[in-house]
Amino acid sequence: MTRTATSLLASILLTWGLSSCHEDKYADPLSPEASMETFSIHEGFDIQLFAAEPHIKDPVDLVFDETGAAYAVEMPDYPYKPEPGEGRGVIKKLVDTDGDGTIDSSIVFAEGIADATSLMPWKGGLLVTAAPYIYYMKDLDGDGKADSKEQLFSGFFENNSEAQITNLRLGIDNWIYAANNGQRGEVTYSEKPEAAALNLQGADFRFRLDKEKFEKESGTAQFGMTFDNWGNKFFTQNTLHIQQAVIPRRYLERHGHLSSMSVNHNISDHDFEMFQMTPPPYWRAERTMRRNKQYQEQELDRVEHAEDYFTGASGGIVYNGGAFPEEFSGNVFTGDVAGNLVHRDLLIPDSQGPTQIARRPAEEKNREFIAATDPWFRPVGFTVGPDGYLYLVDFYRQHIETPVSIPDDLKEEMDFMNGEEKGRIYRILPKGKTSQLNALPDFSSMDAATLVGELKHENGWRRTTAQRLILEDPKQEYVPFLKSLAGEEMPEARVLALYLLASMDALTQELVTNALQSEHPGVRKNALVLAESYPEMEAAIAAKTKDPSTMVSLQAILSLGNYESSFAKEQMAESLMEKGDNKWFRMAILSSNPGSDPETLAILDKNHAFFDDPESWKMDYIKEVAHIQGAKGNEESIQSYVELLSSLSGNAHENWKPAGLDGLKAGLERSSDQPDENVSSLLSLLESK
């Protein structure tokens with residue numbers, strides 16, 4: 001063989017070798033049917049294909065309207081930010097023409113949308129999150145396409161497609177909630193142009209279109225937010241697959257001077273552990289190896305994991321469809337797009353406090369509810385359908401990661417758009433069951449009695465759809481049926497009926513009083529929220545601070561905090577002594593004026609010998625009270641506080657002075673009401689005591 005031929009052959013072999021090496025790094029896509037063959041699913045369930053390409057591509061959300069029609073939103077621009085006016089997002093109506101349960105056609109409802117991420121039916125149209133906006137779109141002429149596109153809200157953060165406004169959810173309290181990942185944004189509402197822009201930094205978002213209200217909400221949900229039947233909020237944030245927002249933001253901002261308003265609580269008892277069936281992709285394994293080497297060289301006590309740890313948790317949902325076996329009711333299903341799996345948690349009340357614990361089911365101690373060997377499987381979201389089954393949205397891409405997080409040399413071999421023409425939606429249902437989507441009633445044609453009756457249905461989608469339609473068009477003919485339902489001991493329906501009556505100004509104190517005596521803690525909790533509108537119910541609210549349910553007693557403390565009476569302060573002092581060693585009860589008390597007032601400290605000193613024992617939780621409470629008083633900047637209250645601590649004798653004075661001084665210093669420095677010279681003089685006063 002000549003030298004030239006040898007070189008040519010070597011060149012060919014090298015090219016083939018490089019090509020083979022490159023192809024081996026990343027798997028090729030599979031057909032929907034072949035991908036489903038790679039799924040390992042809980043033995044009691046089947047998974048069916050509901051929709052796939054070409055009818056749906058790059059799906060990130062699915063909803064069903066009151067007629068049972070399915071709408072999905074596509075996000076083909078991910079992970080890049082499109083140029084203004086060049087967004088390729090599409091909303092489609094998915095159609096099953098032959099009634100076999102599988103989508104075989106689609107109609108483009110809207111297109112050319114940048115960063116559309118979630119949908120919610122509203123008044124015959126759709127609410128759409130697409131940072132920096134929330135739109136309302138509607139088909140006005142019946143051709144299946146949106147003719148109207150109204151910007152309801154604007155100003156949301158828009159610089160990272162993985163941390164934008166998303167996850168529209170109608171709460172049981174008639175507020176519409178959205179995940180904001182705590183991102184800064186100056187949000188305005190088109191219907192209230194005179195209102196000041198709302199800075200959302202550190203918070204999520206909620207609004208009411210029927211009342212023209214919008215405000216911050218607790219939690220920093222990223223791409224996954226859900227509520228249980230009683231309004232408790234759970235959410236995902238990449239590595240933290242399930243957190244609880246323990247205290248709603250409206251309570252935290254009553255006086256606005258807490259040192260921290262973060263109420264995110266990781267409730268998983270198994271932390272980051274998951275059981276994936278796919279190896280980590282080449283780029284992740286390589287990046288992790290490099291990072292761990294760097295940590296070792298820098299002698300850092302830190303290790304990064306490339307697999308079997310949550311890194312892309314997404315789309316958690318509390319299942320309330322009523323079509324799964326009873327033991328699955330109230331379970332949380334969460335996808336992990338990096339691990340190619342669906343994780344399931346049981347929610348168990350924490351006996352030590354007012355939160356939940358997320359626990360693996362016994363049969364899934366070392367496996368997941370669904371896990372695939374197809375690395376393109378990307379479960380980004382879920383919805384409960386009109387049939388009560390769980391629908392899973394699969395983005396189906398080769399790569400799912402922000403490019404800025406990957407080293408440049410590894411990105412050279414990656415096509416982040418590979419798979420943009422693909423996408424799947426699956427239906428999860430118990431073995432032996434079939435879907436009856438086409439046999440469902442049309443909610444839009446129901447009379448008042450029938451529609452209110454749907455609030456009693458076992459399927460949460462049907463309850464929420466009835467709730468939404470009543471909220472959209474609050475006819476007086478609903479009122480007698482809602483009042484009847486609000487007096488029945490059907491917990492989920494009773495709560496919805498109470499809130500709907502409140503939205504129609506038809507709720508009575510008697511109905512709330514009766515609900516406070518319900519056997520179900522979820523009803524009692526929400527009755528307390530509604531009781532806040534009746535000043536004369538202060539004593540009834542206070543009585544529930546001793547409720548055996550910690551969820552209820554926490555809400556009672558929060559609700560009682562809206563009062564300013566001496567009675568409220570006495571009750572706060574009692575609650576602190578009973579429950580103050582738990583940080584969530586303590587924070588609930590501190591969030592209120594009566595719970596952080598110097599007069600309450602005097603009650604604690606006089607009636608409860610509070611200062612005799614300097615326990616650590618008491619120190620935390622005193623330090624936070626001091627911070628609040630300092631931040632409020634009221635000289636009279638500060639003097640009262642200082643005098644109380646100064647009046648303590650002997651060891652008590654020495655024990656408590658440092659905590660009180662530190663808290664006051666921090667609070668005074670944050671006070672906007674005190675000029676610098678006043679701050680200096682007050683600090684001098686404190687140090688002299």
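What's counted below: heavy atoms across the whole structure, side chains too, no hydrogens, waters or symmetry copies. By convention here, the first residue in the shown sequence is residue 1.
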Hey, which of Glu327, Glu368, Glu363 is the one that makes salt bridge (Lys or Arg N to Asp or Glu O under 4.0 Å) with Arg344?
Glu363
Charged N to carboxylate O under 4.0 angstrom, Arg249 versus Glu215?
no
Distance-only, no hydrogens or angles: does the Ser260 side chain make a donor-acceptor pair with backbone N or O of Ser262 under 3.5 Å?
yes
Could you tell me the separation between the OH atom of Tyr78 and the OG atom of Ser161, rounded to the nearest 0.5 Å?
6.0 Å
CE/Met36 to OH/Tyr426 distance, rounded to the nearest 0.5 angstrom?
6.0 Å
Where do Tyr319 and Phe382 land on the ring pair (Phe, Tyr, Trp, His ring centres under 6.0 Å) test, with the steps shown first?
CA-CA 9 Å; Tyr319 174 76; Phe382 306 84; over 10 Å; no
So, Arg359 and Glu364, do they make that salt bridge, N to O below 4.0 Å?
no
Under a 4.5 Å cut-off applied to non-hydrogen side-chain atoms, are Arg427 and Leu437 in contact?
yes
Side-chain donor-acceptor pair present, Gln164, Thr129, cut-off under 3.5 Å:
no
Look at the rings of Phe416 and His399 and say which category their plane angle falls in: under 30° parallel, 30 to 60° tilted, over 60° perpendicular.
tilted
Distance from Glu273 atom CD to Asp308 atom CG, nearest 0.5 Å?
8.0 Å
Any side-chain heavy atom of Asn292 within less than 4.5 Å of one from Val303?
yes
Main-chain N/O of Gln555 paired with Tyr251 side-chain donor or acceptor, under 3.5 Å
no
Please tell me if the side chains of Glu217 and Asn180 come closer than 4.5 Å, counting only heavy atoms from C-beta onward.
no
Pair Arg284 + Glu401: basic N to acidic O under 4.0 Å:
yes
Taking Pro76's backbone N and O only, do any of them form a donor-acceptor pair with Lys57's side chain (distance below 3.5 Å, no angle check)?
no
Please determine, by modelled atom types, if Asn264 and Thr220 share a side-chain donor-acceptor pair under 3.5 angstrom.
yes
Tightest non-hydrogen contact, residues Tyr26 and Pro281, listed as CE2-CB, 4.3 Å
Mind checking whether Phe328 and Phe45 have parallel, tilted or perpendicular rings, split at 30° and 60°?
perpendicular
So, taking the atom named CZ in Arg378 and the one named CG in Asp58, what distance separates them when rounded to the nearest 0.5 Å?
12.5 Å
Pick out which of Tyr136, Tyr135, Phe214 makes a ring pair (Phe, Tyr, Trp, His ring centres under 6.0 Å) with Phe153.
Phe214
Counting distance only, does the side-chain N/O of Thr334 pair as donor-acceptor with the main-chain N or O of Gly316 below 3.5 Å?
no
Is there a donor in the side chain of Ser118 and an acceptor in the side chain of Asp61, or the other way round, less than 3.5 Å apart?
no
Please check: side-chain N/O of Gln222 versus main-chain N/O of Thr236, any donor-acceptor pairing under 3.5 Å?
no
Taking Arg367 first and then Glu43, would you say they form a salt bridge - that is, a charged N and a carboxylate O separated by under 4.0 Å?
yes
SB check Asp409 Arg290 (cutoff 4.0 Å)
yes
Pro354 and Asn582: which non-hydrogen atoms are nearest, and at how many Å?
CD-OD1, 3.6 Å
Ile370 versus Phe377, closest heavy-atom pair with distance:
CG2-CE2, 4.4 Å
Are any of the side-chain nitrogens in Arg586 or Glu624 under 4.0 Å away from the carboxylate oxygens of its partner?
no
I'd like to know if the side chain of Asp115 and the backbone of Gly87 have a donor-acceptor N/O pair within less than 3.5 Å.
no
Under 6.0 Å from the NZ atom of Lys431, do we count more than 12 heavy atoms belonging to anything else shown?
yes
Specify whether His241 and Phe310 have parallel, tilted or perpendicular ring planes, treating 30° as the upper limit for parallel and 60° as the lower limit for perpendicular.
parallel
Is there a side-chain contact between Ser405 and Arg287 in this structure, where contact means two heavy atoms from C-beta onward sitting under 4.5 Å apart?
yes
Please examine the side chains of Phe234 and Leu347, heavy atoms only from C-beta on, and report whether any two atoms are closer than 4.5 Å.
yes
Show, in sequence, the C-alpha distance, side-chain angles and deciding distance for Asn340 and Asp374, and conclude whether the side-chain contact (heavy atoms from CB on, under 4.5 Å) test is met.
CA-CA 7 Å; Asn340 320 111; Asp374 180 2; over 6 Å; no
All heavy atoms of Val246 vs all of Thr355, minimum pair found to be CG2-CG2, 3.7 Å
Walk me through it: do His42 and Phe324 pass the test ring pair (Phe, Tyr, Trp, His ring centres under 6.0 Å)?
CA-CA 12 Å; His42 187 289; Phe324 285 7; 9.7 Å; no
For Ala372 and Phe39, the nearest pair of non-hydrogen atoms, with its separation, is CB-CD2, 3.5 Å
His305-Phe272 aromatic ring centre distance below 6.0 Å:
no
Donor-acceptor check, side chain of His265 to backbone of Ile267, threshold 3.5 angstrom: yes or no?
no
Salt bridge check, Glu111 against Arg88: does any charged N sit closer than 4.0 Å to a carboxylate O?
no
Counting only heavy atoms not in Gln298, do more than 12 fall under 6.0 Å of its CD?
yes
Would Ile56 and Glu74 count as a side-chain contact (heavy atoms from CB on, under 4.5 Å) if you check the C-alpha gap in whole Å, the side-chain angles of each, and the deciding distance to 0.1 Å?
CA-CA 7 Å; Ile56 188 67; Glu74 301 177 345; 3.5 Å; yes
To the nearest 0.5 Å, how far apart are OG1 in Thr311 and CD in Gln276?
8.0 Å
Of the non-hydrogen atoms in Asp336 and Ala313, which two are nearest, and what is the gap between them?
OD2-N, 3.2 Å
Are side-chain heavy atoms of Leu252 and Ser218 found at a separation under 4.5 Å?
yes
Would you say the side chains of Tyr309 and Glu304 form a donor-acceptor pair under 3.5 Å?
no
Do Gln356 and Pro349 touch side chain to side chain, with heavy atoms closer than 4.5 Å?
yes
Can a salt bridge be assigned to the pair Arg169 and Asp204 using a cut-off of 4.0 Å between side-chain N and carboxylate O?
no
Could you tell me if the side chain of Val63 sits less than 4.5 Å from the side chain of Leu126, heavy atoms only?
yes
Heavy-atom donor-acceptor pair, Arg302 side chain to Glu299 backbone, under 3.5 Å:
no
Which is it for Phe156 and Val187 under the side-chain contact (heavy atoms from CB on, under 4.5 Å) test, yes or no, and what are the steps along the way?
CA-CA 6 Å; Phe156 297 103; Val187 177; 3.6 Å; yes
Let me see the working for Ile428 and Tyr389 under side-chain contact (heavy atoms from CB on, under 4.5 Å), right down to the final yes or no.
CA-CA 6 Å; Ile428 301 169; Tyr389 300 138; over 6 Å; no
Got a donor-acceptor contact below 3.5 angstrom from the Trp461 side chain to the Thr383 backbone?
no
Ion pair present between Asp387 and Lys433, side-chain N to carboxylate O less than 4.0 angstrom?
no
Look up atom CG in Leu94 and atom CG in Leu62, then write down how far apart they are to the nearest 0.5 Å.
6.5 Å
Main chain of Asn199, side chain of Lys216: is a donor-acceptor contact present, judged purely on distance under 3.5 Å?
yes
